[in-house]
Engineer: 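First the structure, which I've put down as structure tokens, then a few questions once you've had a look.
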Number of protein chains: 2
Amino acid sequence: MSAASSRATLIEVAKLAGTSKTSVSRFFGPERERLTPSLQTRIANAATALGYQPNLMARGLKGGGSRLLGVLVADIRNPFSVAVVHGIEQAARTHGYSLIVCNTDNDPEQEQQHLRLLKSYQIEGLIINAAGQPEAQLQALKHSGVPLVLLDREVRQLDVDVIGLDNALAIDMALDHLVRQGYRSILYASEPPAYASTRQERLQRFNQQAERLGIKSQTLILSSSAPDFETLTAFVEHPGSSPGAVLCANGNVTLAMTRSFQQLDITLGQTGLMGIDELDWCELITPGITTLAQPTDDIGHAAVSCLLNQLNGSAQASPVRYRHAPRLQIRGSTTLVPNF
Amino acid sequence: MSAASSRATLIEVAKLAGTSKTSVSRFFGPERERLTPSLQTRIANAATALGYQPNLMARGLKGGGSRLLGVLVADIRNPFSVAVVHGIEQAARTHGYSLIVCNTDNDPEQEQQHLRLLKSYQIEGLIINAAGQPEAQLQALKHSGVPLVLLDREVRQLDVDVIGLDNALAIDMALDHLVRQGYRSILYASEPPAYASTRQERLQRFNQQAERLGIKSQTLILSSSAPDFETLTAFVEHPGSSPGAVLCANGNVTLAMTRSFQQLDITLGQTGLMGIDELDWCELITPGITTLAQPTDDIGHAAVSCLLNQLNGSAQASPVRYRHAPRLQIRGSTTLVPNF
DNA sequence: TAATAAAATGGGAACGTTCCCAATCGGTTT
DNA sequence: AAACCGATTGGGAACGTTCCCATTTTATTA
């Protein structure tokens with residue numbers, strides 16, 4: 001019995017329950033109600049007696065659906081990504097789906113590889129936070145009928161639903177807050193915008209709005225190697241006629257900038273610091289770092305329901321672009337204190 | 001061609017290549033070398049022409065192995081867990097395996113559910129960071145021939161390989177460091193030790209070694225609700241005849257304690273603070289928090305090779321208990337500075 | 001009560017692979 | 001040149017499920 005526990009099959013259950021495989025199959029599918037109550041209990045008993053677990057591989061093979069969703073994340077060690085995956089997992093579970101989570105470490109090469117793999121597993125849907133521009137592969141997937149949702153980052157020339165932050169709103173909220181707090185010169189720090197639509201959108205909106213609001217603005221693109229102390233020092237020492245603040249495009253940048261502030265001994269608040277993405281430690285850096293928190297669970301849930309909508313055929317003709325609003329978390333790093 | 005791209009099957013490739021399904025199957029399996037070079041190229045051409053991708057569901061069904069590993073994590077939002085999963089993913093990928101990652105949110109109920117599910121997917125191995133004590137289910141899995149590896153936490157009465165930190169060594173290193181820095185009274189802060197063997201081991205070793213070293217010691221079990229300010233205040237104000245330090249059992253505790261230190265306005269260093277688990281922000285809290293970093297990638301890799309060993313039949317008779325050494329990262333929070 | 005409709009159940013094929021075994025194809029040896 | 005051997009190739013069954021369709025049972029109507 002012990003070794004057989006993994007082997008209990010539909011047919012064995014049927015035999016024990018004195019019925020046919022078809023009925024047992026129905027019992028475990030959506031047609032359970034079509035079965036006579038007495039048959040239902042007989043099957044239920046037999047199944048539990050044998051410790052039967054449907055073989056999802058077999059089901060996936062015959063077209064009953066694999067009940068698997070693919071999740072392709074660009075950087076699994078990014079807390080934002082993990083938080084979203086957490087949301088996805090919750091939502092998926094309540095709908096009876098499991099996740100194959102793949103991490104590309106921001107490497108387009110690995111991304112291609114993983115995409116091929118996910119296809120092999122007959123996933124019923126794919127949520128992808130693209131690292132490169134895997135346009136061709138995704139197009140192929142889409143054409144072969146696999147529902148697709150882009151997470152956070154768009155892919156050029158690919159007409160599928162996108163779920164993420166309302167980047168324009170986020171930048172507007174940030175600028176509004178900073179201006180309201182008295183900062184008049186703003187340095188926008190971002191990772192290189194190439195290949196990540198989110199970075200481009202935010203950067204573009206920043207430039208646009210800064211001009212519209214008549215703010216003295218400047219941009220700093222972080223290289224992956226050494227921090228750019230010169231630019232930062234120059235900005236802090238000559239913020240123009242009024243106090244300056246640094247706005248960080250995402251959590252990684254906030255981390256890097258906080259480090260730089262400390263190394264250059266820049267006082268938080270006196271020079272403002274604000275970041276998109278909420279992190280555990282933002283409240284711990286005295287006097288606290290102001291952030292725009294993304295509703296990560298909501299984003300995850302939205303991604304899943306988007307997928308399920310497509311699965312149920314109730315897909316929109318034109319792709320949806322679902323943009324979530326951030327939540328402003330005000331802390332000391334954007335409070336201009338008199339210089340003692 | 002577009003809609004057919006997902007449908008290209010072994011047989012179609014065989015037909016195009018003018019050969020049999022068996023040969024094509026061999027081409028994609030470990031027996032490729034048995035094929036004539038000319039046949040190999042013919043098949044390769046046909047396969048790429050059709051964009052063929054093996055259907056892993058079918059393979060999993062027929063006993064060729066699902067090439068899937070299950071990973072069951074207790075808390076996916078814990079940076080330590082994510083880091084280990086990252087290591088697991090790397091190692092798994094190089095061996096041609098993919099991951100089904102499930103998160104239990106520390107809920108034994110969900111754990112049971114996920115275990116059932118993973119079994120359904122015919123996973124070839126399971127790496128589990130247990131939330132509860134799912135002894136029965138794991139025993140059953142083991143008996144049905146699925147290789148098992150416990151991550152970080154043991155499960156009672158279950159004889160399988162365990163991979164994790166060398167907890168005794170970690171505590172010893174921490175105490176050694178703290179004593180060397182001049183702290184003579186130590187408060188050990190931990191989450192409730194029930195159901196998490198790691199917590200028990202560390203706590204036990206702490207008590208044991210503190211006594212052996214003749215250190216004034218005390219224990220604080222964090223409740224999940226409100227922080228225990230009284231105990232902490234009392235400890236800081238009456239550390240006995242000499243300076244006191246707080247040792248945190250893991251990253252979560254370090255976070256909670258850092259928060260408490262700030263709220264109670266306790267000066268880091270003057271009262272020591274040290275934690276097991278390295279976190280992004282530990283260097284950012286002035287003057288930096290001393291930690292014991294776990295070699296997370298190594299742990300992930302070890303877990304996978306452990307699994308593969310079992311798969312290759314070269315399993316040890318008695319389970320291995322693989323304990324990794326932490327790395328001491330010294331920062332200002334454990335440097336006793338004169339009180340100005 | 002017979003005829004008919006509706007509901008419940010069962011048998012068989014199919015999904016795309018792997019594996020076992022049989023068949024064929026080279027080249028050697030006598 | 002006949003016979004043989006190893007290497008290479010191919011045909012068919014099997015894996016556990018779902019789905020289509022045929023069959024049986026039950027309920028409804030005339």
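Convention: sequence-line order gives letters A, B, ...; per-chain numbering from 1.
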Engineer: So, does A:S25 get its side chain near the phosphate of D:dT18, meaning an N or O under 4.0 Å from OP1 or OP2?
Structural biologist: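 Yes, because at least one side-chain N or O of A:S25 sits under 4.0 Å from OP1 or OP2 of D:dT18.
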Engineer: Could you tell me the separation between the CZ atom of B:R59 and the C1' atom of D:dT17, rounded to a whole number of Å?
Structural biologist: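 So the CZ-C1' distance, B:R59 to D:dT17, works out to 19 Å.
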Engineer: Between the axis at one end of the helix from C:dT1-D:dA30 to C:dT30-D:dA1 and the axis at the other (five pairs apiece), what's the angle to 10 degrees?
Structural biologist: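 Rounded to the nearest 10 degrees, the bend comes out at 50°.
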Engineer: For A:G87 and A:H301, work out which heavy atoms get closest and say how close.
Structural biologist: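 Closest pair (atom of A:G87, atom of A:H301, distance): O-CD2, 3.1 Å.
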Engineer: Expressed as a whole number of angstroms, how long is the span from B:F28:CZ to C:dG16:P?
Structural biologist: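 That distance rounds to 15 Å.
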Engineer: Starting from C1' on C:dG16, measure out to CG on A:L56 and report it in whole angstrom.
Structural biologist: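 A:L56 atom CG is separated from C:dG16 atom C1' by 17 Å.
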Engineer: Quickly work out the B:F27 CZ to C:dT17 C1' distance and round it to whole Å.
Structural biologist: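 The distance from CZ of B:F27 to C1' of C:dT17 comes to 16 Å, rounded to the nearest Å.
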Engineer: Decide side chain to side chain donor-acceptor pair (under 3.5 Å) for A:R93 and B:Q110; before the verdict, give the C-alpha distance in whole Å, the side-chain angles of both, and the deciding distance to 0.1 Å.
Structural biologist: CA-CA 10 Å; A:R93 185 162 39 83; B:Q110 277 194 47; 3.3 Å; yes
Engineer: Rounded to the nearest angstrom, tell me the gap between atom OH in B:Y52 and atom C1' in C:dT17.
Structural biologist: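 From B:Y52 OH to C:dT17 C1': 7 Å.
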Engineer: Is it true that the side chains of A:S120 and B:Q53 contain a donor and an acceptor less than 3.5 Å apart?
Structural biologist: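 Checked: A:S120/B:Q53 side chains pair up, N/O donor to acceptor below 3.5 Å.
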Engineer: Expressed as a whole number of angstroms, how long is the span from B:E31:CD to C:dT18:P?
Structural biologist: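 In whole Å, C:dT18 P lies 10 Å from B:E31 CD.
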Engineer: Between B:L10 (CG) and C:dC19 (P), how many Å, whole number?
Structural biologist: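 These atoms are roughly 12 Å apart.
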Engineer: Please confirm whether the backbone N or O of A:K15 pairs with a side-chain atom of A:T19, one donor and one acceptor, at under 3.5 Å?
Structural biologist: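 The answer is no, because no donor-acceptor pair under 3.5 Å joins these two groups.
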Engineer: Base, backbone or nothing for each nucleotide of nucleotides 9-15 of chain C, written B, S, -, heavy atoms under 4.0 angstrom, 5' to 3'?
Structural biologist: BBBBBBB
Engineer: In whole angstrom, give the distance that lies between atom CD of B:Q122 and atom P of D:dT17.
Structural biologist: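 Answer to the nearest Å: 9 Å.
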Engineer: Out of the candidates B:L68, B:L308, B:V304, only one should pair with B:Y97 under the side-chain contact (heavy atoms from CB on, under 4.5 Å) rule; please name it.
Structural biologist: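 Testing B:Y97 for a side-chain contact (heavy atoms from CB on, under 4.5 Å) against B:L68, B:L308, B:V304 leaves exactly one candidate, B:L308.
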Engineer: Any chance the side chains of B:T198 and B:D152 put a donor and an acceptor closer than 3.5 Å?
Structural biologist: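 Yes.
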Engineer: For residues 131-142 of chain A, which side-chain N or O atoms pair as donor and acceptor with protein atoms under 3.5 Å away, sequence neighbours left out?
Structural biologist:
| residue | atom | partner | partner atom | Å |
| --- | --- | --- | --- | --- |
| A:Q133 | OE1 | A:R156 | N | 2.9 |
| A:Q137 | NE2 | A:Q112 | OE1 | 2.2 |
| A:K142 | NZ | A:D159 | O | 3.1 |

Engineer: If we count only N and O atoms by modelled type, under 3.5 Å, do the side chains of A:H86 and B:D105 hold a donor and an acceptor together?
Structural biologist: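 Their side chains do contain a donor-acceptor pair, which is all the 3.5 Å distance test asks for.
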Engineer: So, B:E89 side chain and A:N103 main chain: donor-acceptor pair closer than 3.5 Å or not?
Structural biologist: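 Confirmed, B:E89 side chain pairs with A:N103 backbone.
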